[in-house]
Amino acid sequence: MRTLMLMLLAGLVGCGDVKTDWACGTEDPPPPEVTVFRVSQCWFNEKGDSVTSGWGTGFPISSNGIITYRHALPPYVTYAFVEAKVASILDRGSRDAYWDDWMYVEFQSPPDQVPVLDPKVELHPGERVAIVGFSAHGDAEGRARILSDFHSRTVYGKVVSTPFWLGLPEEVVLVKVGDAPLNGLSGGPVMVLRDNNWVVIGSYVGIVYRDILNGVFSSKLHIVRRIPEHLIEE
């Protein structure tokens, strides 16, 4: 059984045949130069007696819209705040699927640059990816910094194979990032190097954890949702 478990774990973190110098190493490449925005959500419940708020990251995928996280945002809320300015929600994923955690938000002025997008790019187990966003470090002080700190950070992770007991759709990529804090990076771009260029393949969603047979099969992995193709401009 021990040998079997070691083989399964090796399959999750093994390096694929990826022709990039840093794909399976420990040295980080120059961080990607990508435009990201601080996105916040704040709304009252339908009774108007309780308020919910959240902070995260978004990035442009068209000349007038950005993709970002949805999380617990209810259907009746039609706006979010991009860099503290009200922005209309144009489209969103399903609340019934935790991996479909995204929304498309109007951006009032055209961004300086839209990154290279390719939601179909093939990824290999062990290949390293970059996640960019505004980290809140999971505490109240960190969350406050999201509203005042203009500096984003880059976290590097590795692609892992989808464990057979999770049954996730092909729109989902799973990565491991060690102990790096990712609070506040929700909705941020997840990027991979192709031909020495950074390519966005999706946005960071959150954590998935599954425990099967009292820990015999378990995983705590991070979800990347590939960009919905219908949102990308031709």
Side-chain angles (χ1 to χ4, degrees), residues 32 34-43 52-83 85-108 111 114-121 123 129-136 146 152 154-155 157 159 162 166-175 177 182-192 198-209 221-234:
V34 57
T35 299
V36 289
F37 302 103
R38 293 166 301 163
V39 177
S40 59
Q41 300 172 357
C42 183
W43 72 90
T52 303
S53 60
W55 295 264
T57 304
F59 61 98
I61 60 172
S62 69
S63 59
N64 64 350
I66 70 172
I67 193 168
T68 184
Y69 69 104
R70 187 204 70 237
H71 286 6
L73 192 75
Y76 64 83
V77 178
T78 59
Y79 63 91
F81 299 92
V82 178
E83 297 293 336
K85 296 181 179 179
V86 177
S88 299
I89 298 172
L90 305 176
D91 197 357
R92 70 184 86 193
S94 169
R95 292 190 72 199
D96 298 328
Y98 62 91
W99 54 266
D100 202 25
D101 189 340
W102 61 271
M103 64 180 184
Y104 184 54
V105 181
E106 181 181 24
F107 190 53
Q108 291 95 334
V114 175
V116 178
L117 309 171
D118 188 352
K120 293 184 177 181
V121 67
L123 298 173
V129 297
I131 307 171
V132 184
F134 300 94
S135 175
I146 269 204
S152 62
T154 301
V155 175
V159 177
T162 301
L166 284 183
L168 295 174
E170 62 181 9
E171 292 87 356
V172 173
V173 176
L174 296 179
V175 300
V177 297
L182 298 186
N183 304 79
L185 274 73
S186 294
V190 181
M191 313 179 74
V192 63
W198 285 105
V199 177
V200 177
I201 60 99
S203 59
Y204 172 64
V205 170
I207 297 174
V208 59
Y209 178 80
L221 304 171
H222 295 269
I223 301 173
V224 177
R225 205 295 185 186
R226 290 184 183 267
I227 300 171
E229 294 182 42
H230 73 277
L231 298 179
I232 300 176
E233 293 182 337
E234 296 295 336

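All values below were derived from every heavy atom in this structure, side-chain atoms included, with hydrogens, water molecules and symmetry-related copies excluded.
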Report task. Could you please spell out the steps behind the side chain to side chain contact (heavy atoms under 4.5 Å, CB included) verdict for Tyr76 and Trp43? Result -> CA-CA 10 Å; Tyr76 64 83; Trp43 72 90; 3.6 Å; yes

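- Residue Ala130 comes nearest to Thr154 through the heavy atom pair CB-CG2, 3.8 Å, listed as atom of the first residue, atom of the second, then distance.
- Contact check for Leu185 versus Phe134: no side-chain heavy atoms found under the 4.5 Å cut-off.
- Between Ile223 and Leu174, some side-chain heavy-atom pair lies under the 4.5 Å cut-off.
- Ser135 places no side-chain N or O within 3.5 Å of a backbone atom of Leu182 that could act as its donor or acceptor partner.
- Side-chain contact check for Thr68 versus Met103: some heavy-atom pair is nearer than 4.5 Å.
- Taking 4.5 Å as the limit, some side-chain heavy atom of Trp102 sits within range of a side-chain heavy atom of Leu231.
- The nearest pair of heavy atoms linking Pro189 to Val36 is CD-CG1, 3.6 Å.
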Requested in this report: Dump the intermediate steps for side chain to side chain contact (heavy atoms under 4.5 Å, CB included) on Ser186 and His71, then the final yes or no.
Outcome: CA-CA 9 Å; Ser186 294; His71 286 6; 3.1 Å; yes

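- Note that OG of Ser40 is 6.0 Å distant from CZ of Phe81, once rounded to the nearest 0.5 Å.
- Two residues are said to be in side-chain contact when any heavy atoms from C-beta on lie closer than 4.5 Å; Val172 and Tyr98 fail this criterion.
- Taking the six-membered ring for Trp, Phe37 and Phe107 have ring centres closer than 6.0 Å.
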Report task. Go through the steps for Tyr104 and Ser62 under the test side chain to side chain donor-acceptor pair (under 3.5 Å), then give the verdict. Result -> CA-CA 10 Å; Tyr104 184 54; Ser62 69; 2.6 Å; yes

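- Look at Asp101 and Arg225 and you find no salt bridge, because none of the NZ, NE, NH1 or NH2 atoms lies under 4.0 Å from a carboxylate O.
- Here Ile61 contributes atom CD1 and Ile67 contributes atom CD1; the two are 4.5 Å apart, rounded to the nearest 0.5 Å.
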Report task. Go through the steps for His222 and Tyr204 under the test side chain to side chain contact (heavy atoms under 4.5 Å, CB included), then give the verdict. Result -> CA-CA 8 Å; His222 295 269; Tyr204 172 64; 3.0 Å; yes

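- Under the side chain to side chain contact (heavy atoms under 4.5 Å, CB included) criterion, Thr78 pairs with no residue, sequence neighbours left out.
- The heavy-atom pair separating Val177 from Gly157 by the smallest distance is CG1-CA, 3.8 Å.
- A salt bridge links Glu229 and Lys120; the closest N-O separation between the charged side-chain nitrogens and carboxylate oxygens is under 4.0 Å.
- A donor-acceptor pair under 3.5 Å is absent between the side-chain atoms of Ser152 and the main chain of Val132, judged by distance alone.
- Contact check for Val173 versus Leu123: side-chain heavy atoms found under the 4.5 Å cut-off.
- Between Phe59 and Gly202, the shortest heavy-atom distance links the atoms CZ-O, 4.0 Å.
- Val175 approaches Val159 most closely through the heavy-atom pair CG1-CA, 4.1 Å.
- Between Thr57 and Arg38 there is no side-chain heavy-atom pair separated by less than 4.5 Å.
- For Glu171 and Arg226, the salt-bridge test fails: no basic side-chain N is under 4.0 Å from an acidic carboxylate O.
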Which donor-acceptor pairs under 3.5 Å do the side chains of residues 86-94 make with protein atoms, sequence neighbours left out?
residue : atom : partner : partner atom : Å
Asp91   : OD2  : His230  : NE2          : 3.0
Arg92   : NH1  : Pro74   : O            : 3.1
Arg92   : NH1  : Val77   : O            : 3.3
Arg92   : NH2  : Val77   : O            : 2.7
Ser94   : OG   : Asp96   : N            : 3.0

**Report entry** Chi angles and distances behind the side chain to side chain contact (heavy atoms under 4.5 Å, CB included) call for Ile227, Val200
**Finding:** CA-CA 9 Å; Ile227 300 171; Val200 177; 3.8 Å; yes

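- In terms of heavy-atom proximity, Gly58 sits nearest to Ile66 at CA-CD1, 4.3 Å.
- A donor-acceptor pair under 3.5 Å is formed between the side chain of Tyr69 and the backbone N or O of Gly54.
- By the 4.5 Å heavy-atom criterion applied to side chains, Pro60 and Pro115 are counted as neighbours.
- Listed by chain and number, the residues in a salt bridge (charged side-chain N to carboxylate O under 4.0 Å, His left out) with Arg70 amount to none (sequence neighbours excluded).
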